[in-house]
Amino acid sequence: MTRLFNDPAVFADEALEGFAAAHRDRVRPVTGGVVRAGATPAGQVAVVIGGGSGHYPAFSGLVGRGLAHGAAVGNVFASPSAGRIRSVARAAHGGAGVLLMYGNYAGDVLHFGQAAERLAADGIESRTFAVTDDISSAAPGESAKRRGIAGDLPVFKAAAAAAEQGLALDEVLAVAERANARTRSFGIAFSGCTLPGADHPLFTVPEARMAVGLGIHGEPGIGEEALPTADEAARLLVTTLLGELPEGIGRPEGQRAAVILNGLGSVKYEELFVVYRKVAELLGEAGVDIVEPEVGELVTSFDMAGVSLTLTWLDDDLERLWRAPADTPAYRKGSFAAPGAPGVGNVPAAEYTEHTEGIVLPEASEDSRRAAATVLTVLHTVAGTIDTHAEELGRIDAVAGDGDHGIGMQRGSTAARRAAVDAHAQGAGAGTVLARAADAWADEAGGTSGALWGTILRALGTALGDQDAPTAPRVADGVAQASAGVRRLGGAEVGDKTMVDVLVPFADTLTAATATGSPLTAAWDRAATAAETAAAATAGLLPRRGRARPHAEKSLGTPDAGAHSLALIARAVHGVLLDHH
Ligand SMILES: Nc1ncnc2c1ncn2[C@@H]1O[C@H](COP(=O)(O)OP(=O)(O)O)[C@@H](O)[C@H]1O
Ligand SMILES: O=C(COP(=O)(O)O)[C@@H](O)CO
């Protein structure tokens with residue numbers, strides 16, 4: 001239970017502000033996150049990590065000498081937006097390129113990928129790398145689909161230590177790849193976590209039972225067993241990981257491993273040590289040489305009661321990098337040759353801020369400005385609809401996902417409305433109002449749905465433009481472009497149990513209806529009905545994408561959250577069109 005908060009919607013921002021104030025000798029707040037207090041030395045690759053809030057010390061607590069040069073921080077359980085990542089990366093850049101590192105989650109993959117594109121346009125070379133250590137999130141044959149949990153730390157650290165030693169960008173990336181290929185994690189939980197402001201946990205574990213194979217977002221585990229003793233828990237964790245050795249590690253005997261026993265948020269350190277005692281004994285019996293183990297909270301999930309075990313199978317290089325010193329707010333080891341130089345560099349890191357004020361609005365026709373007023377009403381209605389259904393959307397998302405769909409959609413749609421009000425007040429046309437709303441939605445919400453809704457609004461804005469009055473076929477074309485854009489960006493197809501299952505029939509029905517000359521309001525009505533039917537039908541599907549995939553069976557019988565919210569919006573917008581008819 002998170003007891004101390006103000007407005008849940010700004011919990012992550014306020015936590016970041018307090019963190020930066022508490023550690024200002026080591027980190028500097030910049031737009032989107034934090035960077036080291038001192039500038040990245042010229043010629044050193046900058047390692048910029050990031051992810052959602054709720055995982056402290058990941059990600060901001062791991063910024064400092066020997067570890068990350070910067071961390072982009074998102075909302076609770078939602079990836080930071082591309083804009084935030086770009087801003088942190090620009091501030092951390094030391095002239096030798098940036099390695100962007102994160103856990104393998106749909107939202108992070110989308111936003112870090114887009115950030116890399118924007119950095120390229122800024123003339124900054126970057127690479128992206130997603131950590132995939134959690135063996136319970138996909139079968140060995142599909143290890144690229146695995147999510148990142150506490151293995152984030154050794155993989156980030158290996159790359160960052162390599163950067164510190166002066167390796168070039170692609171060499172640092174190669175180190176990250178090698179460390180990740182040799183890192184495996186497995187977790188168990190005894191109770192779920194409760195998001196700030198929520199009155200019940202994302203999932204519960206029955207008394208005297210444990211969830212096996214949990215994630216770090218309150219995602220339920222993949223199985224359930226009787227509550228073990230500490231020794232039995234240790235045995236389960238160790239035997240599971242020894243049962244899945246990385247390629248090239250024939251048998252555990254004679255191998256060296258970095259070992260992390262990670263507390264997920266509300267397991268006491270003493271409990272962790274009791275478990276670790278047995279972990280060390282069992283690994284010793286298996287002939288594994290444990291190198292500089294870590295026992296403590298390194299990647300958490302709010303107040304989840306759970307533990308995970310991570311093993312990184314070391315070679316000589318990886319061992320050197322694991323043993324290398326680090327000095328961050330939450331993680332310190334060894335010491336640097338020149339002590340007392342927080343964050344390296346003597347020059348403070350420069351902050352990069354995007355200046356949007358004073359950017360001239362594109363000229364708009366009278367017709368388009370009139371249409372912009374309708375667009376504004378639409379965005380008001382979208383935000384209002386999401387507000388009304390936020391709790392329900394969170395509940396649906398929590399069945400097999402991370403429960404943040406309502407919060408994310410709320411932040412995004414509210415920001416979109418705000419940006420649209422501003423743009424409209426300045427005399428923008430419909431296309432520009434939508435474009436501004438798109439950027440605000442993606443930037444404020446982050447997460448998978450933030451990126452995808454940004455794409456939807458941007459496609460609509462491009463189709464409407466700032467000159468002509470929107471016609472029914474033009475609107476239908478915008479929706480069709482949005483549908484294509486979301487599929488291109490997210491890679492999902494119909495049947496994967498995502499919003500694509502609704503967007504495609506919605507777009508197709510609208511296109512078909514407008515092509516036969518149907519007026520927009522009637523065509524939209526038909527399309528909204530198709531969307532509602534398709535959203536309801538997702539209840540019968542098994543997820544193949546996104547956060548819900550590892551919990552496929554659990555999600556059967558419940559519609560996809562993103563599909564449902566899209567159908568709700570489609571219907572609500574029809575109401576606006578009727579009124580403006
Ligand atoms: N690859 C994808 N393509 C299209 N939609 C997706 C994809 N992955 C997830 N989604 C949609 O995003 C929704 C989840 O959104 P949200 O919970 O806000 O983001 P996150 O999972 O990043 O927390 C899902 O319900 C699904 O509809
Ligand atoms: O918390 C996280 C959320 O990822 P999404 O895919 O946006 O839900 C992640 O950043 C943790 O690493």
Side-chain angles (χ1 to χ4, degrees), residues 12 49-56 58-59 71-82 84-85 101-112 130-134 145 147-152 156 193 195 202 215-219 299-302 386 390 393-394 396-413 441-442 445-453 455-456 482-483 485-494 496-504 534-535 538 541 543-549 555 558-567:
I49 61 174
S53 293
H55 306 301
Y56 192 84
F59 295 87
V73 179
N75 291 312
V76 170
F77 290 175
S79 67
S81 66
R84 290 172 74 90
I85 299 162
M101 302 186 78
Y102 44 92
N104 189 29
Y105 296 95
D108 293 289
V109 172
L110 290 179
H111 286 284
F112 278 90
V131 179
T132 56
D133 57 307
D134 179 13
K145 286 189 179 169
R147 60 195 172 197
I149 53 173
D152 280 350
F156 294 164
C193 58
L195 299 180
L202 280 177
I216 55 162
H217 299 93
E219 305 98 322
V299 177
T300 60
S301 178
F302 272 113
I386 293 302
L393 293 172
I396 293 175
D397 191 30
V399 171
D402 58 358
D404 68 347
H405 188 62
I407 302 175
M409 290 290 288
Q410 230 172 352
R411 280 189 72 116
S413 58
W441 190 315
T448 315
S449 59
L452 299 177
W453 273 95
T455 299
I456 291 173
S483 164
V486 165
R487 278 178 289 160
R488 211 169 30 243
L489 189 64
E493 280 306 333
V494 171
D496 286 350
K497 192 163 184 165
T498 70
M499 63 151 77
V500 168
D501 287 309
V502 171
L503 193 48
V504 168
T538 61
L541 295 174
R544 294 198 292 249
R545 291 257 164 195
R547 191 57 61 65
R549 184 184 47 75
S555 109
T558 305
D560 173 66
H564 183 53
S565 59
L566 176 52

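Numbering of ligands and ligand atoms starts at 1, following listing order.
Close to ligand 1: Ala561, with a non-hydrogen atom less than 4.0 angstrom away. Residue contact annotation: Gly408 has no non-hydrogen atom under 4.0 Å from ligand 1.
Distances below 4.0 Å separate heavy atoms of Ala106 from the following atoms of ligand 2: 6 (O). Close contacts between ligand 1 and Gly447 involve ligand atoms 22 (O) [criterion: under 4.0 Å to a heavy atom]. When each atom of ligand 2 is checked for a heavy atom of Gly51 under 4.0 Å away, the hits are 10 (O). Near Met499, the atoms of ligand 1 lying under 4.0 angstrom from a non-hydrogen atom of the residue are 5 (N), 26 (C), 27 (O). Those atoms of ligand 2 with a heavy atom of Phe59 less than 4.0 angstrom away are 12 (O). Every atom of ligand 1 is numbered from 1 in the order shown, and the set under 4.0 Å from a heavy atom of Gly490 is 1 (N), 2 (C), 3 (N). The atoms of ligand 2 that sit less than 4.0 Å from any heavy atom of Ala78 are 1 (O), 3 (C), 7 (O). The ligand atoms of ligand 2 that sit less than 4.0 angstrom from a heavy atom of Phe77 are 1 (O), 2 (C), 3 (C), 8 (O). Near Asp560, the atoms of ligand 1 lying under 4.0 angstrom from a non-hydrogen atom of the residue are 24 (C), 25 (O), 26 (C), 27 (O). Against a heavy-atom cut-off of under 4.0 Å, Gly52 is close to the following atoms of ligand 2: 1 (O), 2 (C), 9 (C), 10 (O), 11 (C). Within ligand 1, counting atoms from 1 as listed, the ones closer than 4.0 Å to a heavy atom of Asp404 are 17 (O), 23 (O).
At a 3.5 angstrom cut-off on N or O pairs, Ser53 does not count as close to ligand 2. Ligand 1 has no N or O atom lying under 3.5 Å from any N or O atom of Lys497, backbone or side chain. For Ala106, no nitrogen or oxygen atom sits less than 3.5 Å from a nitrogen or oxygen atom of ligand 1, counting backbone and side chain alike. On a distance-only criterion, Tyr105 and ligand 2 share no N/O pair closer than 3.5 Å. In terms of N/O distances under 3.5 Å, ligand 2 is approached by His55. The N/O atoms of Gly107, backbone and side chain alike, include none that comes under 3.5 Å of an N/O atom in ligand 1.
Contacts of Ser53 classified as side chain to side chain contact (heavy atoms under 4.5 Å, CB included), with partners at least two apart in sequence or in another chain: Ala12, Val73. Partners of Ala78 by side chain to side chain contact (heavy atoms under 4.5 Å, CB included), not counting sequence neighbours, listed by chain and number: Asn75, Asp404.
Test Thr448, Leu566, Val504, Thr538 against Met499 for side-chain contact (heavy atoms from CB on, under 4.5 Å) and you get one pass: Leu566.
Interatomic distance, CG of Asp397 versus OG1 of Thr558, reported as 11.0 Å (0.5 Å rounding). Rounded to the nearest 0.5 Å, atoms CG (Asp152) and CG (Asn104) are 10.0 Å apart.
Looking only at side-chain heavy atoms (C-beta outward), His111 and Pro80 stay at 4.5 Å or farther from each other. Side-chain contact between Phe302 and Val76 is present, with at least one heavy-atom pair separated by less than 4.5 Å. Taking the side chain as every heavy atom from C-beta outward, Arg544 and Lys497 never approach each other to under 4.5 Å. Between Tyr56 and Val299, the closest side-chain pair of non-hydrogen atoms is not below 4.5 Å. Side-chain contact between Tyr105 and Ile216 is present, with at least one heavy-atom pair separated by less than 4.5 Å. Side-chain contact between Leu489 and Leu452: present, with at least one pair of heavy atoms (C-beta onward) separated by less than 4.5 Å.
Phe77 and His55 have parallel rings, their planes meeting at less than 30° on a 0 to 90° scale where 60° marks the start of perpendicular.
Neither the backbone nor the side chain of Tyr102 comes within contact range of ligand 2; no heavy atom lies under 4.0 Å. For Asp496, no heavy-atom contact with ligand 1 is shorter than 4.0 Å. With a 4.0 Å heavy-atom cut-off, ligand 1 is reached by the side chain of Leu452 but not by its N, CA, C or O.
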Q: I would like to know whether Arg147 and Asp134 meet salt bridge (charged side-chain N to carboxylate O under 4.0 Å, His left out); could you show each step before the answer?
A: CA-CA 6 Å; Arg147 60 195 172 197; Asp134 179 13; 2.5 Å; yes
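Aromatic ring centres of Tyr102 and Phe59: separated by at least 6.0 Å.
Summarising the contacts of atom 15 (O) of ligand 1 with Met409, His405, His564, Arg544, the nearest heavy atom is found in His405.
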